[in-house]
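Report on one structure; see the data block that follows.
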Amino acid sequence: MLRHLLPLGGVLVALLGAVPAAEQPPRFKVTEDGNRIRVTGGLIEASVKKKGYVSGVEAGSLLDSKTGARDLGFGLDIVDWIMEPGSDEAYRDKLAGDLPYVFNNLYHGKVAKRSIEGPQICTQAKELKPTVITGTDFVAVKQEYAYTLAAPGKKTGSKWEQTVVFPHGKRYFVSADKITAKNASEAMFLRTDLPGHIKHKSGDTFSEVYLSYHGKVASKEFEKDFAPDERFRYSRDDTKVPKRLIRAYHIRDPKTGKEGPWLAGMTLDPAVVYEAWCHQRGYVCMIQEIGGRPVRAGETFGAAYIIGYFDSIEEMEKVYDEFAGCQGLEASEKGWKLTAAP
């Protein structure tokens, strides 16, 4: 099948093969200090933070060299807790740190969920130790974290791993999140920001949102706060999984009103998305949960994404279809590859 052949590095490479590395100097420039890693010199530029608000690509750092646009939120592919359906009310007083999860509010809606392990990586891990891999036509950043908090009866130590690849000559990056579980659950999932949230004042920074499972939504629909399960919520139905899972926002200049590119987050295997929110809570909150299926201790689950700038929905769909069905991402000095499994 065509989906098992991926056009990487300018050639067709078997899904389990690596991208061949030509003997030429890297085209990206990578600089690193104690706080962040910066990748410059391509069609996009970005940075990954080591301290503070960590995981994913740093807020406001994803620059589209073609248009000068930048992302509008708190970062891209930002990572939170490991969770499952159900309430933690019976043992909430025994939960440490930020594990308690309160629902029946505008932030989280009415759907009962509870944390299995934490803390929330982006706000509470405080420091990660990412590593950089430099290839001839790409730069990759890998980072990981072992969760240190657990609900009663659960173990700590589930491992989160993230790989981010910046391919030269593209206006997007490829990323993947993977969990190796220490616990069992009937429906374990990982919560992420995908692609990321949207800061705005009465829709001044974006003109519309595109949700492949719903359609276009005008920015005026996000002028007042509403709960995640009130509008525009995606909840997986295995009898009718969508062909694509794309969530994007159309950037515009708040001073001139001129429209720029779309910034899209595309989950390459739609079946891994458990729930996805797009609601207003002072900003447009675009939460996505991956997994939501039975997991035994020692097993893994994850998802792969393409995140970046596009001139049209048709362009997003074309790129999506080239890589559809992948759940994992691997990178080494020899090359990078998307894989069928996380």
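The residues of the chain are indexed from 1 along the displayed sequence.
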Does the side-chain contact (heavy atoms from CB on, under 4.5 Å) test come out yes or no for Arg231 and His214, once each step is laid out? CA-CA 10 Å; Arg231 303 164 69 191; His214 178 86; over 6 Å; no
Check the pair Asp311 / Arg171 against salt bridge (Lys or Arg N to Asp or Glu O under 4.0 Å), numbers first and verdict last. CA-CA 10 Å; Asp311 292 328; Arg171 294 169 70 198; 3.2 Å; yes
Criterion side chain to side chain donor-acceptor pair (under 3.5 Å) on Thr40 and Glu45, from CA distance to verdict: CA-CA 5 Å; Thr40 59; Glu45 299 185 354; 5.0 Å; no
Test side-chain contact (heavy atoms from CB on, under 4.5 Å) on Lys170 and His168; report intermediate values, then the result. CA-CA 6 Å; Lys170 302 297 182 183; His168 197 272; over 6 Å; no
One pair to check against side chain to side chain donor-acceptor pair (under 3.5 Å): Tyr234 and Arg247. What are the steps and the verdict? CA-CA 11 Å; Tyr234 172 82; Arg247 287 145 58 84; over 6 Å; no
Does the pair Asp225 and Tyr107 meet the rule for a side-chain contact (heavy atoms from CB on, under 4.5 Å), with working shown? CA-CA 9 Å; Asp225 288 356; Tyr107 283 6; 5.8 Å; no
The test is side-chain contact (heavy atoms from CB on, under 4.5 Å); show your working for Val165 and Phe173 and say whether it passes. CA-CA 6 Å; Val165 171; Phe173 65 89; over 6 Å; no
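At a threshold of 4.5 Å between non-hydrogen side-chain atoms, the residues Arg244 and Met266 do not count as touching. Thr148 places a side-chain heavy atom less than 4.5 Å from the side chain of Pro119. Residues Phe323 and Val174 form no side-chain contact, since every pair of their non-hydrogen atoms from C-beta on lies 4.5 Å or further apart. Proximity of Val141 to Thr131: side-chain heavy atoms (C-beta onward) are nowhere separated by under 4.5 Å. Within the 4.5 Å cutoff, side-chain heavy atoms of Leu211 are placed close to those of Met286. Counting only heavy atoms from C-beta outward, the side chains of Val132 and Glu32 approach each other to under 4.5 Å. Contact of the Val319 side chain with the Ile306 side chain is registered, since non-hydrogen atoms from C-beta on lie closer than 4.5 Å. Glu275 has its side chain within reach of Lys113: a pair of non-hydrogen atoms, C-beta onward, lies under 4.5 Å apart.
Among the candidates Phe310, Tyr309, Trp262, the single residue satisfying the ring-ring contact (aromatic ring centres under 6.0 Å, His included) test with His250 is Trp262. Evaluated for a ring-ring contact (aromatic ring centres under 6.0 Å, His included) with His197, the options Phe222, Tyr249, Tyr283 yield exactly one hit, Tyr283. Shown are Val54, Thr163, Leu128; of these, the side-chain contact (heavy atoms from CB on, under 4.5 Å) with Gln143 is made only by Leu128.
No side-chain donor-acceptor contact under 3.5 Å links Glu315 and Ser312. Side-chain contact annotation: Asp177 with Trp160, donor-acceptor N/O pair under 3.5 Å present. Side chain to side chain, His200 and Gln280 meet the donor-acceptor criterion of an N or O pair below 3.5 Å. Neither side chain, Tyr101 nor Arg92, offers a donor N or O lying under 3.5 Å from an acceptor on the other. No hydrogens or angles considered: nothing links the side chains of Gln124 and Asp98 as a donor-acceptor pair under 3.5 Å. Of the N and O atoms on the side chains of Glu208 and Ser219, not one donor lies less than 3.5 Å from an acceptor on the other residue. Side chains of Asp204 and Ser202: a donor-acceptor N/O pair is absent below 3.5 angstrom, by distance only. Residues Ser158 and Glu117 have side chains that bring a donor and an acceptor to within less than 3.5 angstrom of each other.
To the nearest 0.5 Å, atom CE of residue Met188 and atom CD of residue Glu84 are 7.0 Å apart. With values rounded to the nearest 0.5 angstrom, Leu268 atom CG is found 9.5 Å from Tyr305 atom OH. Here the SG atom belonging to Cys285 is positioned 3.5 Å from the NE2 atom belonging to His279, to the nearest 0.5 angstrom. Between Asp80 atom CG and Ile78 atom CD1 the span is 9.0 Å, to the nearest 0.5 Å. Taken to the nearest 0.5 Å, the OG1 atom of Thr67 stands 10.5 Å off from the CZ atom of Arg70. Here CZ of Arg38 is found 9.5 Å from OG of Ser61. Values are rounded to the nearest 0.5 Å.
The main-chain N or O of Asp269 is never found under 3.5 Å from a side-chain atom of Thr267 such that the two would form a donor-acceptor pair. For the pair Asp229 (side chain) and Gly109 (backbone), a donor-acceptor distance under 3.5 Å is absent. With Glu289 contributing its side chain and Thr192 its backbone, the two residues share no donor-acceptor pair below 3.5 Å.
Under 4.0 Å is where a charged nitrogen must lie from a carboxylate oxygen, and between Arg296 and Glu299 at least one such pair does. Under a 4.0 Å N-O distance rule, the pair Glu144/Lys159 qualifies as a salt bridge.
Classified by interplanar angle (parallel below 30°, tilted 30° to 60°, perpendicular above 60°), the ring pair Tyr53/Phe74 is tilted. Classified by interplanar angle (parallel below 30°, tilted 30° to 60°, perpendicular above 60°), the ring pair His108/Trp277 is tilted.
Taking all atoms of both residues into account, the shortest heavy-atom contact from Asp77 to Ala176 is OD2-N, 4.5 Å. The shortest heavy-atom contact between Ala46 and Val57 is CB-CG1, 3.9 Å. The two atoms that bring Phe138 and Pro167 nearest to each other are CB-CA, 4.2 Å, heavy atoms only.
Residue-environment remark: CD (Glu223) exceeds the threshold of 12 foreign heavy atoms within 6.0 Å.
The hydrophobic cluster around Val102 extends to none of the other residues, as no ILVMFWY side-chain heavy atom falls under 4.5 Å of it.
Under the 4.5 Å side-chain contact rule for hydrophobic residues, Phe301 and Tyr145 share a cluster.
Cation-pi geometry between Arg252 and Phe206 is not met: the NZ or CZ atom fails to fall both under 6.0 Å from the ring centre and inside 45° of the normal.
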